[in-house]
Amino acid sequence: MMTPEQVKLVQESFKKVVPIAPQAADIFYTRLFEIAPEVRPLFPEDLSGQKDKLMSMLATAVTNLHQIEKIVPAVEDLGRRHVGYGVTAEHYKPVGAALIYTLEKGLGDDFTPETKEAWLVTYTTLEGVMTKAAEAAAAPPKKKGFFAKMFG
């Protein structure tokens with residue numbers, strides 16, 4: 001769980017990212033494709049819409065971190081949708097690394113060790129929600145009933 005101090009650090013630092021959102025999105029995708037070139041085919045050739053979606057999703061998540069239970073259903077839905085795009089659990093690690101790299105580059109000296117830790121906790125929390133939902137969506141349905149248990 002995130003502490004109130006970590007929530008504040010993430011929210012305050014993200015306010016400094018908003019004015020440079022297009023550049024931050026460029027840094028993010030450049031870094032992601034450098035460290036995980038295998039994910040490039042999962043994205044459209046033209047990333048402009050994808051970059052907007054990334055920044056919008058981050059803004060929504062960050063804005064609502066203090067009431068995370070309200071965004072969990074949307075984050076779960078995002079995890080389930082990503083299964084259909086071909087995203088696997090292994091893809092989340094380089095995404096997190098690219099996010100932290102982007103924040104380091106975009107925030108410079110304002111990306112303190114405490115701020116970095118807060119972002120790591122944030123990403124790990126959201127990643128956990130998404131991967132759990134994705135696993136449930138990808139799992140075969142459980143058989144129900146007496147005959148299914150006996151002969152399934």
Side-chain angles (χ1 to χ4, degrees), residues 1-36 38-44 46-142:
M1 284 307 291
M2 295 185 70
T3 67
E5 294 80 20
Q6 288 173 322
V7 169
K8 184 177 179 184
L9 282 170
V10 169
Q11 290 176 333
E12 291 298 317
S13 63
F14 191 72
K15 288 178 186 175
K16 297 173 186 171
V17 173
V18 171
I20 61 163
Q23 296 89 343
D26 288 341
I27 293 167
F28 174 83
Y29 283 107
T30 298
R31 183 63 178 165
L32 178 61
F33 300 149
E34 284 174 358
I35 63 175
E38 68 277 8
V39 304
R40 182 61 182 98
L42 300 176
F43 294 90
D46 177 6
L47 289 172
S48 55
Q50 189 66 37
K51 290 175 182 180
D52 292 342
K53 287 179 188 177
L54 169 70
M55 298 312 294
S56 176
M57 183 273 304
L58 280 173
T60 299
V62 168
T63 300
N64 291 290
L65 280 179
H66 65 287
Q67 51 186 6
I68 198 160
E69 68 282 351
K70 289 189 177 183
I71 62 170
V72 165
V75 175
E76 288 172 333
D77 186 52
L78 191 60
R80 286 187 291 271
R81 283 198 321 265
H82 277 73
V83 171
Y85 305 145
V87 174
T88 66
E90 295 79 32
H91 293 144
Y92 286 94
K93 295 299 179 206
V95 168
L99 175 63
I100 296 302
Y101 177 87
T102 300
L103 293 164
E104 287 173 343
K105 294 296 180 195
L107 295 172
D109 292 341
D110 288 336
F111 198 62
T112 65
E114 296 81 14
T115 302
K116 181 177 182 177
E117 180 62 26
W119 273 98
L120 286 169
V121 171
T122 299
Y123 183 75
T124 302
T125 300
L126 296 175
E127 173 193 9
V129 171
M130 288 179 70
T131 56
K132 186 176 178 183
E135 288 168 4
K142 293 184 179 182

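Nothing fancy with the numbering, it's 1 onward along the sequence.
Using a 4.0 Å cut-off between a side-chain N of Lys or Arg and a carboxylate O of Asp or Glu, E135 and K132 do not qualify as a salt bridge. A salt bridge does not link E5 with K8: every distance from a Lys NZ or Arg NE/NH1/NH2 to an Asp or Glu carboxylate oxygen is 4.0 Å or more.
Put simply, the side chain of S48 reaches to within 4.5 Å of the side chain of D46, judged on heavy atoms. Contact check for H91 versus L42: side-chain heavy atoms found under the 4.5 Å cut-off. Under the 4.5 Å side-chain criterion, counting only non-hydrogen atoms from C-beta, E76 is not in contact with M130. In this structure, V62 and K15 have side chains that are not in contact, with every pair of non-hydrogen atoms separated by 4.5 Å or more. Using a 4.5 Å heavy-atom threshold, the side chains of L9 and E114 count as touching. Residues V121 and T125 are in side-chain contact: their nearest non-hydrogen atoms beyond the backbone lie under 4.5 Å apart. The side-chain heavy atoms of L54 and F28, taken from C-beta on, include a pair separated by under 4.5 Å. Residues Q50 and P44 meet the side-chain proximity criterion, which asks for heavy atoms closer than 4.5 Å.
Judged by distance alone, with hydrogens and angles left aside, the side-chain atoms of S13 form a donor-acceptor pair with the main-chain N or O of V10 at under 3.5 Å. At distances below 3.5 Å, not a single donor-acceptor pair connects side-chain atoms of D77 with backbone N or O atoms of P73. Judged purely by atom type and a 3.5 angstrom limit, T131 uses its side chain to pair as donor or acceptor with the backbone of G128. Looking only at distances, a side-chain donor or acceptor of T124 sits under 3.5 Å from a matching main-chain atom of L120. Without hydrogens or angle criteria, E127 side chain to Y92 main chain gives no donor-acceptor distance under 3.5 Å.
Distance CD1/I71 to CD/E69: 9.0 Å, rounded to 0.5 Å. From R80, atom CZ reaches atom CG of L78 across 10.0 Å, with rounding to the nearest 0.5 Å. We find the OH-NZ distance between Y123 and K93 to be 7.5 Å, quoted to the nearest 0.5 Å. The NZ atom of K53 sits 11.0 Å away from atom CG of L47, with the distance rounded to the nearest 0.5 Å. Separating the CD atom in E38 from the OG1 atom in T88 is a distance of 8.5 Å, to the nearest 0.5 Å.
In terms of heavy-atom proximity, A97 sits nearest to I35 at CB-CD1, 3.9 Å. Contact between M2 and A118 at its shortest, heavy atoms only, is CE-O, 3.9 Å. Between L65 and Q11 the shortest heavy-atom distance is N-NE2, 4.0 Å. Nearest heavy atoms, A61 versus L126: CB-CD1, 4.0 Å. The two residues R31 and A98 come nearest to each other via the heavy atoms CG-CA, 4.1 Å. Summarising the geometry of A134 relative to V83, their closest heavy-atom pair is CB-CG2, 3.4 Å, with the distance given to 0.1 Å.
D26 and Q23 share no side-chain donor-acceptor pair at under 3.5 Å. Using modelled atom types, one finds a donor on one side chain and an acceptor on the other under 3.5 Å when comparing T112 with T115.
A perpendicular orientation is assigned to the rings of Y85 and H82, their planes being inclined by more than 60° (bins at 30° and 60°). The aromatic rings of W119 and F14 lie tilted to each other, with the angle between the two planes from 30° to 60°.
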Exercise for review: Apply the test side-chain contact (heavy atoms from CB on, under 4.5 Å) to residues L58 and L99: give CA-CA distance (whole Å), side-chain angles for both, the deciding distance (0.1 Å), then the verdict.
Suggested key: CA-CA 10 Å; L58 280 173; L99 175 63; 4.1 Å; yes

Exercise for review: Show the numbers, then the answer: is there a side-chain contact (heavy atoms from CB on, under 4.5 Å) between K116 and I100?
Suggested key: CA-CA 7 Å; K116 181 177 182 177; I100 296 302; 3.8 Å; yes

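Within 6.0 Å of NZ on K51 lie more than 12 heavy atoms contributed by other residues, nucleotides or ligands.
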